[in-house]
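Since we're looking at a predicted model, the values are computed, not measured.
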Amino acid sequence: YTTLDTKEPLLKKLNMYKMMSKVEFTVLDEILIGITNVNENCEFNKKIKDDEKVKKIVEETLKKIETDGDKHIRELSEKFDNYSPKSFKLTESEIEDLINEVSDEDKNDIRFAQKQVKTFAEAQLKTLSELEIETHPGVILGHKNIPVQAVGCYVPAGKFPMVASAHMSVVTASVAGVPRIVATTPPFKGKPNPAVVAAMKMGGAHEIYVLGGMQGVGAMAIGTETIKAVDMLVGPGNAYVAEAKRQLYGKVGIDLFAGPTETMVIADDTVDGEICATDLLGQAEHGYNSPAVMITNSKKLVDETLNQIDRLLEILPTRDTASISWRDYGEIILCDTYEEMLFKANEIASEHVQVMTDRDDWFLNNMTSYGALFLGPRTNVANGDKVIGTNHTLPTKKAGRYTGGLWVGKFIKTHTYQKITTDEAATKIGEYGSRLSHLEGFIGHAEQCNVRVRRYGGVNIAYGKPASKLKN
């Protein structure tokens, strides 16, 4: 039923048939396993090899940045971007000149988008309250919210200049009160992209560098002779940027592990095929491996959407990318009920979830795993990507099961503190601490408690022994 050179399209079709069926097909499972293992050059095995290659390249690159600093950064910039300025850091006059290249209309559009992001981030910040409470007479516990002290914001600009990524990272960090915001972006067509630089500066960046890819995030995290290291990295990027962030995590904090853009459309007969197809392809143009999934309970809508996808791919200027992404990663899942649609949506946990049904709020109340929801046909994922105000740096690869996306709270560290204000409280807490430390075998811990019981409670406890039960 297949040959080696055609098995990958068949693999996709078999997966589609299985997803659209109402029963589990053991035979299809066996076929899928079989054709995946037929040849080491199949798509699955190629991806493993590609991932290992990326991992090795990034690991070697980061080691050289650590040892060679600016020298290796310049070598990489010359190699990948054919860009080698006197300094990768833009001066204030260079920034001003670049901003002057941006039209007034574009600058006004940037201001409008940043105002939306800032307004929402400020409202989110107000939900983060500091706390102080007396939990026992004389025992004060609390927490303070402190901004990360230095953040590196990566703004992609290789294939597309991602102006909006500056809003999402730089503006949000600024609202959080981060005192040092470093932003870096690759050169675009051999020079700094004026609109991206304008968005960075207008958003509140304190330092702007023109450095792309793994060398950009590596320089910010590790530091060089001319670039002081940051405490946290945020922002999307290609496979090398994502892998660099993964390897650097621990040395610095990161926002999240981001993969290729994902989109999901949950729709019923309240909308038509054109709007569904437009929303699927609108995100598929991001890259050749951007999953686009539709979940519906309408066979009629399935047929309409497939026809509209074919039509739009004839006229979409970015069809060379979108068509490959749809061919290799597109899915339509036909369900019987809304409950089944909900189950599949939570199982897939897509980055962007566009909901267009007769019960959008029901999905809002019952969805548990996703990056961001876009409710109703009047809004769409592009609004979230560019202008509406919610952050577009979101979890992918099912990470929505355990984390949300970038928000003002990611730039805030919540630190606890404690104090004891009376001798009675020091004695009481010390007594319990002593015995509980002995319970675990930590004698040194117990003595930290015992010395307080001796000094503030006047109780003579033998060294290395647990405190006895004291009178209230």
Side-chain angles (χ1 to χ4, degrees), residues 19 116 120 164 168 236 258-287 289-298 300-309 311-313 316 318 321-322 325-326 329-335 337-401 404-406:
M19 295 295 285
Q116 311 317 305
F120 188 60
M168 305 301 169
T261 293
E262 304 164 351
T263 197
M264 175 186 291
V265 172
I266 300 174
D268 62 15
D269 278 330
T270 59
V271 290
D272 57 56
E274 182 185 27
I275 198 168
C276 293
T278 300
D279 287 342
L280 290 166
L281 295 180
Q283 292 299 302
E285 74 178 359
H286 263 283
N289 57 349
S290 299
V293 180
M294 184 169 102
I295 299 177
T296 184
N297 55 3
S298 169
K300 176 174 175 285
L301 186 60
V302 170
D303 294 337
E304 282 183 14
T305 301
L306 289 172
N307 288 334
Q308 287 294 324
I309 286 173
R311 181 182 71 83
L312 292 174
L313 284 176
L316 183 66
T318 54
T321 302
S325 194
W326 174 250
Y329 294 91
E331 290 183 67
I332 293 181
I333 303 172
L334 181 61
C335 298
T337 65
Y338 287 101
E339 288 73 18
E340 187 180 1
M341 292 164 67
L342 175 67
F343 175 82
K344 291 305 300 180
N346 278 325
E347 182 179 63
I348 294 169
S350 184
E351 178 188 13
H352 307 100
V353 180
Q354 173 84 43
V355 183
M356 297 182 288
T357 68
D358 65 4
R359 59 198 71 192
D360 298 343
D361 285 342
W362 181 81
F363 280 97
L364 172 63
N365 293 331
N366 289 281
M367 285 286 293
T368 58
S369 301
Y370 57 90
L373 288 180
F374 304 82
L375 299 167
R378 290 181 178 85
T379 192
N380 64 85
V381 175
N383 283 350
D385 281 348
K386 309 303 177 189
V387 66
I388 207 166
T390 54
N391 208 288
H392 79 190
T393 303
L394 300 167
T396 61
K397 296 184 176 180
K398 293 183 178 287
R401 293 170 300 141
L406 183 62

Quiz item: Any side-chain heavy atom of V353 within less than 4.5 Å of one from V381?
Solution: no
Exercise. Using distance alone, with no hydrogens and no angle criterion, decide if D269 and S298 have a side-chain donor and acceptor under 3.5 Å apart.
Key: yes
Exercise. Mind telling me whether F363 and Y338 have parallel, tilted or perpendicular rings, with 30° and 60° as the class edges?
Key: perpendicular
Practice problem: Quick one: do T357 and W362 satisfy side chain to side chain contact (heavy atoms under 4.5 Å, CB included)? Show the steps, please. | Solution: CA-CA 10 Å; T357 68; W362 181 81; over 6 Å; no
Quiz item: Side chain of E304, backbone of G273: donor and acceptor closer than 3.5 Å?
Solution: yes
Exercise. Can you see which heavy atom on T270 is nearest to which on M356, and at what distance?
Key: OG1-O, 3.6 Å
Self-check item: Residue pair T321 / H286, side-chain heavy-atom distance below 4.5 Å
Solution: no
Quiz item: Got D358 and D268 here, is their nearest side-chain heavy-atom distance under 4.5 Å?
Solution: yes
Quiz item: Are any non-hydrogen side-chain atoms of T261 and T396 less than 4.5 angstrom apart?
Solution: no
Practice problem: Test side chain to side chain contact (heavy atoms under 4.5 Å, CB included) on I333 and M294 and set out the steps. | Solution: CA-CA 6 Å; I333 303 172; M294 184 169 102; over 6 Å; no
Quiz item: Shortest non-hydrogen contact from C276 to V265?
Solution: SG-CG1, 4.2 Å
Quiz item: Between E340 and K344, is there a side-chain N and carboxylate O pair less than 4.0 Å apart?
Solution: no
Quiz item: Does any N or O in the side chain of K398 come within less than 3.5 Å of the main-chain N or O of E347, such that one atom is a donor and the other an acceptor?
Solution: yes
Practice problem: Taking all non-hydrogen atoms of both residues into account, name the closest pair between T368 and N346 and its distance. | Solution: N-OD1, 2.8 Å
Exercise. Report the C-alpha distance between I295 and C335 in whole Å, list the side-chain angles of each, state the deciding distance to 0.1 Å, and finish with yes or no for side chain to side chain contact (heavy atoms under 4.5 Å, CB included).
Key: CA-CA 7 Å; I295 299 177; C335 298; 3.9 Å; yes
Quiz item: What is the distance from atom CG of N383 to atom CD1 of I388, rounded to the nearest 0.5 Å?
Solution: 5.0 Å
Self-check item: Nearest heavy atoms of L281 and A322, plus distance in Å
Solution: O-CB, 4.2 Å
Quiz item: At their closest point, which heavy atom of K397 faces which heavy atom of P260, and how far apart are they?
Solution: CE-CD, 4.0 Å
Quiz prompt | V355 vs F374 side-chain heavy atoms within contact, under 4.5 Å | solution = no
Quiz item: How many angstroms lie between atom CG of N380 and atom CD of Q354, to the nearest 0.5 angstrom?
Solution: 6.0 Å
Quiz item: Say you draw a straight line from CH2 of W326 to CD of E331; how long is it, rounded to the nearest 0.5 Å?
Solution: 8.5 Å
Quiz item: Does one side chain, of T263 or Q283, offer a donor that lies under 3.5 Å from an acceptor on the other?
Solution: no
Quiz item: Going from OG on S350 to CD1 on I266, what distance comes out if it is rounded to the nearest 0.5 angstrom?
Solution: 9.0 Å
Quiz item: Given side chains that start at C-beta, do those of L334 and N297 come closer than 4.5 Å, heavy atoms only?
Solution: no
Practice problem: List the atom of E351, the atom of E262, and the distance in Å for their closest heavy-atom pair. | Solution: OE1-N, 2.9 Å
Practice problem: With rounding to the nearest 0.5 Å, note down the distance linking OG1 in T278 to CG in D272. | Solution: 8.5 Å
Self-check item: N307 CG to E274 CD distance, which is reported to the nearest 0.5 Å
Solution: 12.5 Å
Quiz item: Does L375 offer a backbone N or O that forms a donor-acceptor pair with the side chain of T379 under 3.5 Å?
Solution: no
